[in-house]
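In what follows, every heavy atom counts, from backbone to side chain, and hydrogens, waters and symmetry copies are set aside. What you are looking at is a predicted structure, and each value in this text was computed from that prediction instead of being measured.
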Amino acid sequence: MTRTTTKTKSTERKNSKPTIKAAAPRSAKSPRRSNQAAPKMSNVVVAPVRQVTKRDHLASMLVRDEGATLDQMIAATSWLPHTTRAALTGLRKAGYAIDSDKIDGVRTYRAVAPK
(Lines give C-alpha, C1' and ligand atoms only; values in the text may rest on other atoms or scores of the structure.)
Protein backbone atom coordinates (compact mmCIF):
# COMPACT_ATOMS: atom_id res chain seq x y z
CA MET A 1 0.00 0.00 0.00
CA THR A 2 1.45 3.36 -1.03
CA ARG A 3 0.82 6.43 0.96
CA THR A 4 0.29 9.68 -0.91
CA THR A 5 0.45 13.09 0.63
CA THR A 6 -1.19 16.22 -0.53
CA LYS A 7 0.21 19.66 -0.05
CA THR A 8 -1.78 21.99 2.08
CA LYS A 9 -1.65 25.73 1.95
CA SER A 10 0.52 25.89 5.09
CA THR A 11 3.26 23.70 3.58
CA GLU A 12 3.21 25.65 0.35
CA ARG A 13 3.97 28.82 2.24
CA LYS A 14 6.89 27.26 4.09
CA ASN A 15 8.48 25.85 0.94
CA SER A 16 7.96 28.84 -1.33
CA LYS A 17 10.82 31.23 -1.96
CA PRO A 18 10.53 34.81 -0.76
CA THR A 19 9.76 37.36 -3.42
CA ILE A 20 12.36 40.02 -4.10
CA LYS A 21 11.13 43.50 -4.75
CA ALA A 22 12.72 45.48 -7.54
CA ALA A 23 14.51 48.67 -6.59
CA ALA A 24 12.66 51.89 -7.28
CA PRO A 25 14.04 53.90 -10.19
CA ARG A 26 16.05 57.01 -9.29
CA SER A 27 14.37 60.33 -9.65
CA ALA A 28 15.99 63.16 -11.55
CA LYS A 29 16.51 65.11 -8.31
CA SER A 30 18.50 62.44 -6.48
CA PRO A 31 22.28 62.90 -6.46
CA ARG A 32 24.34 60.57 -8.57
CA ARG A 33 27.92 59.57 -8.20
CA SER A 34 30.29 60.77 -10.81
CA ASN A 35 32.30 58.26 -12.79
CA GLN A 36 35.29 60.57 -12.63
CA ALA A 37 37.87 59.83 -9.97
CA ALA A 38 38.74 62.54 -7.48
CA PRO A 39 42.01 64.30 -8.25
CA LYS A 40 44.90 62.88 -6.26
CA MET A 41 46.84 65.27 -4.10
CA SER A 42 50.33 64.15 -3.36
CA ASN A 43 52.24 65.31 -0.31
CA VAL A 44 49.15 66.83 1.29
CA VAL A 45 48.45 65.90 4.87
CA VAL A 46 44.99 66.73 6.09
CA ALA A 47 44.49 66.65 9.84
CA PRO A 48 41.09 65.39 10.95
CA VAL A 49 38.85 68.13 12.30
CA ARG A 50 37.76 67.45 15.85
CA GLN A 51 34.74 69.18 17.31
CA VAL A 52 35.01 70.87 20.68
CA THR A 53 33.19 68.70 23.20
CA LYS A 54 31.51 69.72 26.43
CA ARG A 55 34.35 68.06 28.30
CA ASP A 56 36.86 70.25 26.44
CA HIS A 57 34.80 73.32 27.28
CA LEU A 58 34.70 72.26 30.92
CA ALA A 59 38.47 71.80 30.98
CA SER A 60 39.03 75.24 29.47
CA MET A 61 36.81 76.78 32.16
CA LEU A 62 38.80 75.09 34.92
CA VAL A 63 42.19 76.14 33.55
CA ARG A 64 41.28 79.84 33.68
CA ASP A 65 42.80 81.90 36.50
CA GLU A 66 39.42 82.45 38.18
CA GLY A 67 38.38 78.81 37.76
CA ALA A 68 34.70 77.88 37.65
CA THR A 69 31.92 77.19 40.10
CA LEU A 70 29.65 74.19 39.84
CA ASP A 71 26.76 76.44 38.77
CA GLN A 72 28.85 77.95 35.96
CA MET A 73 29.89 74.50 34.74
CA ILE A 74 26.28 73.26 34.84
CA ALA A 75 25.11 76.32 32.86
CA ALA A 76 27.86 75.84 30.25
CA THR A 77 27.28 72.12 29.70
CA SER A 78 23.56 71.76 30.55
CA TRP A 79 24.43 68.69 32.60
CA LEU A 80 23.05 67.73 35.98
CA PRO A 81 25.26 68.36 39.04
CA HIS A 82 26.22 64.71 39.51
CA THR A 83 27.17 64.42 35.83
CA THR A 84 29.34 67.54 36.07
CA ARG A 85 31.12 66.18 39.14
CA ALA A 86 31.67 62.87 37.34
CA ALA A 87 33.23 64.78 34.44
CA LEU A 88 35.61 66.39 36.94
CA THR A 89 36.61 62.90 38.07
CA GLY A 90 37.20 61.96 34.43
CA LEU A 91 39.44 64.99 33.98
CA ARG A 92 41.39 63.99 37.09
CA LYS A 93 41.94 60.56 35.60
CA ALA A 94 43.04 62.21 32.35
CA GLY A 95 45.85 63.99 34.21
CA TYR A 96 44.37 67.35 35.20
CA ALA A 97 45.35 68.48 38.70
CA ILE A 98 42.04 69.76 40.07
CA ASP A 99 41.84 71.81 43.26
CA SER A 100 38.90 73.52 44.90
CA ASP A 101 38.46 76.41 47.33
CA LYS A 102 35.35 77.35 49.26
CA ILE A 103 34.94 81.11 49.61
CA ASP A 104 31.77 82.55 51.18
CA GLY A 105 29.99 79.21 50.81
CA VAL A 106 30.69 78.90 47.07
CA ARG A 107 33.09 76.22 45.91
CA THR A 108 35.37 77.22 43.04
CA TYR A 109 37.26 74.58 41.06
CA ARG A 110 40.60 75.22 39.34
CA ALA A 111 42.79 72.90 37.33
CA VAL A 112 46.24 72.62 35.85
CA ALA A 113 46.37 70.93 32.46
CA PRO A 114 48.56 67.83 32.06
CA LYS A 115 51.90 68.26 30.35
Side-chain angles (χ1 to χ4, degrees):
M1 183 169 193
T2 308
R3 182 181 234 186
T4 58
T5 59
T6 59
K7 285 187 176 181
T8 61
K9 288 183 181 180
S10 63
T11 58
E12 287 177 6
R13 285 186 198 142
K14 290 180 184 176
N15 295 332
S16 65
K17 292 183 180 179
T19 57
I20 299 173
K21 294 181 180 180
R26 289 184 160 203
S27 65
K29 293 181 182 178
S30 66
R32 294 187 177 164
R33 290 186 178 172
S34 174
N35 290 338
Q36 299 173 354
K40 293 183 180 180
M41 300 171 147
S42 60
N43 299 331
V44 176
V45 178
V46 179
V49 178
R50 187 173 152 259
Q51 293 182 348
V52 178
T53 63
K54 290 182 180 181
R55 183 179 176 202
D56 294 336
H57 188 63
L58 188 69
S60 67
M61 290 177 70
L62 292 172
V63 173
R64 299 181 303 187
D65 289 338
E66 65 269 12
T69 64
L70 186 64
D71 291 334
Q72 291 171 344
M73 292 184 281
I74 290 170
T77 59
S78 68
W79 286 337
L80 294 173
H82 67 277
T83 308
T84 308
R85 286 189 210 100
L88 291 176
T89 302
L91 288 173
R92 277 190 189 113
K93 289 183 179 181
Y96 284 83
I98 298 177
D99 188 29
S100 67
D101 296 324
K102 194 169 188 179
I103 301 171
D104 296 330
V106 178
R107 186 166 298 278
T108 303
Y109 295 90
R110 289 180 185 80
V112 177
K115 294 181 182 181

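Applying the side chain to side chain contact (heavy atoms under 4.5 Å, CB included) test to Asp56 and every residue at least two apart in sequence or in another chain returns Arg50, Val52, Thr53.
Residue Pro114 comes nearest to Ala94 through the heavy atom pair CG-O, 4.0 Å, listed as atom of the first residue, atom of the second, then distance.
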Residues 75-88, side-chain donor-acceptor partners within the protein, below 3.5 Å, at least two apart:
unit_1 : atom_1 : unit_2 : atom_2 : d
Thr77  : OG1    : Met73  : O      : 2.8
Thr77  : OG1    : Trp79  : N      : 3.4
Ser78  : OG     : Lys54  : NZ     : 3.3
Thr84  : OG1    : Leu80  : O      : 3.0

Could you go through residues 58-69 and list every donor-acceptor pair under 3.5 Å that involves a side-chain atom there, pairing it with any protein atom two or more places apart or in another chain?
unit_1 : atom_1 : unit_2 : atom_2 : d
Ser60  : OG     : His57  : O      : 2.7
Arg64  : NE     : Met61  : O      : 3.2
Arg64  : NH2    : Gly67  : O      : 2.8
Thr69  : OG1    : Gln72  : N      : 3.2

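Side-chain contacts under 4.5 Å among hydrophobic residues (ILVMFWY), followed directly or transitively, place Ile103 with no other residue at all.
A side chain to side chain donor-acceptor pair (under 3.5 Å) check over residues 99-115, counting only residues at least two apart or in different chains, returns the pairs Ser100-Arg107, Asp101-Arg110.
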